[in-house]
Amino acid sequence: MAKIKKTIKTIKIDADKCNGCRGCEIICSAFHANPKYSSNNPARSRIQVITNRLQNKWLPVFAGEYTAAECMGRDKYVIDGKEYDECDFCRAACPSRDLFKEPDSGLPLKCDMCEDDPPQEKPMCVQVCLNDVLVYEEREEEVEEGVEMEQVEAGVGSLIDKYGLKKIADTVARLTQKGSS
Ligand code: SF4
Ligand code: SF4
């Protein structure tokens, strides 16, 4: 299979520097509002700061893949004497919780690195974080052609299993209409 170059975009998270200001959540939701910046609602953000004020814990987590089934077992982490709750580090939109789901439709949210036209120099959450918690990095990798479409098909298949073909088709039609207006 032919190889193609792919840009891997990474945000390094220095969680110890986070003070829980939630600026990242606000800008993410505003950037993805339609029209852009017309509203903000941190519940729609693709980054969530997992918070426990009593234990001085602030953990920024980015929305990752949708999963149709919750984990059969759970893990707990203790780092620097602080115990993190089950699922705190998990990026999935999953049936066991409301995190990383569109509040109105329940459809899963996923960080898209602020894809834009023209492209942003850095993702919006990185730009607004004044404490340098979020550091953006890019690198090139060679991948096999065709692998990306397989991933897209697997993701769409999972969404259809979960929400049904009609709901997904209606959502795509709505988004396409907004995009062309
Ligand atoms: S903007 Fe930075 S400091 Fe504020 S909550 Fe987000 S990651 Fe933490
Ligand atoms: S990179 Fe963009 S889409 Fe991802 S969490 Fe940050 S602001 Fe949201």
Side-chain angles (χ1 to χ4, degrees), residues 1-2 4-11 13 22 24-50 59-75 85-120 122-126 134 136 138 141 143-181:
M1 207 179 271
I4 52 168
K5 287 239 181 212
K6 179 178 175 183
T7 303
I8 307 291
K9 301 177 178 182
T10 309
I11 298 177
I13 304 155
R22 308 198 105 107
C24 49
E25 293 180 358
I26 290 168
I27 193 67
C28 180
S29 66
F31 181 77
H32 289 88
N34 200 320
K36 216 175 255 182
Y37 303 118
S38 59
S39 65
N40 78 72
N41 176 357
R44 297 181 198 277
S45 172
R46 289 146 166 89
I47 179 171
Q48 294 289 331
V49 182
I50 308 296
L59 178 67
V61 179
F62 289 83
E65 298 297 330
Y66 163 77
T67 176
E70 63 186 270
C71 298
M72 297 297 284
R74 307 284 168 91
D75 302 315
D85 288 339
E86 294 168 357
C87 316
D88 271 0
F89 287 88
C90 182
R91 302 182 57 197
C94 132
S96 74
R97 59 182 186 176
D98 291 331
L99 212 62
F100 302 136
K101 288 177 190 156
E102 241 281 330
D104 307 323
S105 63
L107 286 170
L109 297 167
K110 184 178 174 188
C111 169
D112 60 3
M113 287 282 177
C114 297
E115 286 294 331
D116 204 7
D117 187 16
Q120 298 288 327
K122 291 178 183 173
M124 300 307 293
C125 56
V126 173
L134 309 173
Y136 182 64
E138 276 184 8
E141 269 185 14
V143 295
E144 287 181 354
E145 205 171 12
V147 169
E148 291 204 311
M149 276 322 290
E150 283 171 24
Q151 289 171 347
V152 171
E153 283 170 22
V156 172
S158 304
L159 288 173
I160 292 171
D161 287 349
K162 166 82 175 169
Y163 297 102
L165 181 57
K166 181 160 187 335
K167 192 163 184 183
I168 300 303
D170 288 349
T171 304
V172 171
R174 180 167 50 83
L175 292 174
T176 311
Q177 266 182 353
K178 281 181 182 171
S180 62
S181 62

Colleague: Would you call Phe89 and Leu59 a side-chain contact if the rule is heavy atoms closer than 4.5 Å?
Modeller: yes
Colleague: How far apart are the closest heavy atoms of Phe100 and Ala93, and which atoms are they?
Modeller: O-CB, 3.4 Å
Colleague: Evaluate the side-chain proximity of Phe62 to Ile13: yes if any heavy-atom separation is below 4.5 Å, no if none is.
Modeller: yes
Colleague: What residues form a salt bridge (Lys or Arg N to Asp or Glu O under 4.0 Å) with Asp170, not counting sequence neighbours?
Modeller: Lys166
Colleague: Determine, for Glu86 against Arg97, whether the closest basic-nitrogen to carboxylate-oxygen distance falls under 4.0 angstrom.
Modeller: no
Colleague: Can you tell me how far the CD1 atom of Ile168 sits from the CG atom of Leu107, to the nearest 0.5 Å?
Modeller: 5.5 Å
Colleague: What's the shortest heavy-atom distance between Pro108 and Tyr66, and which atoms?
Modeller: CG-CD1, 3.7 Å
Colleague: Rounded to the nearest 0.5 Å, what separation is found between the SG atom of Cys90 and the CZ atom of Arg74?
Modeller: 9.0 Å
Colleague: Quick check: do Ile26 and Ser45 have side-chain heavy atoms less than 4.5 Å from each other?
Modeller: no
Colleague: Checking Gln48 side chain against Pro42 main chain: does a donor-acceptor pair fall under 3.5 Å?
Modeller: yes
Colleague: Answer whether the closest heavy-atom distance between the side chains of Leu134 and Ile47 falls below 4.5 Å.
Modeller: yes
Colleague: Measure the spacing between CD1 of Ile27 and NE2 of His32 and express it to the nearest 0.5 Å.
Modeller: 10.5 Å
Colleague: For Asn41, does its backbone N or O pair with a side-chain atom of Ser29 as donor and acceptor, under 3.5 Å?
Modeller: yes
Colleague: Out of curiosity, Lys122 NZ to Cys114 SG, how far, rounded to the nearest 0.5 Å?
Modeller: 13.0 Å
Colleague: Does any non-hydrogen side-chain atom of Ile4 lie less than 4.5 Å from one of Val143?
Modeller: yes
Colleague: Please determine if Glu65 and Lys110 form a salt bridge, counting it only when a charged side-chain N lies under 4.0 Å from a carboxylate O.
Modeller: yes
Colleague: With rounding to the nearest 0.5 Å, note down the distance linking CD in Glu138 to OG1 in Thr7.
Modeller: 6.0 Å
Colleague: Would you say the side chain of Ile50 lies within less than 4.5 Å of the side chain of Leu99, judging by non-hydrogen atoms?
Modeller: yes
Colleague: Are Ile11 and Cys125 close enough that some pair of their side-chain heavy atoms sits under 4.5 Å apart?
Modeller: yes
Colleague: Where do Glu144 and Lys6 land on the side chain to side chain contact (heavy atoms under 4.5 Å, CB included) test, with the steps shown first?
Modeller: CA-CA 10 Å; Glu144 287 181 354; Lys6 179 178 175 183; over 6 Å; no
Colleague: If I compare all heavy atoms of Pro123 with all of Met113, which pair ends up nearest, and what's the gap?
Modeller: CG-SD, 4.0 Å
Colleague: Output every pair passing salt bridge (Lys or Arg N to Asp or Glu O under 4.0 Å) with a member in residues 30-45, not counting sequence neighbours, ordered by first then second residue.
Modeller: Lys36-Asp116, Arg44-Glu102, Arg44-Asp104
Colleague: Please answer whether the main-chain N or O of Cys94 pairs with a side-chain N or O of Lys101 as donor and acceptor at a distance below 3.5 Å.
Modeller: yes
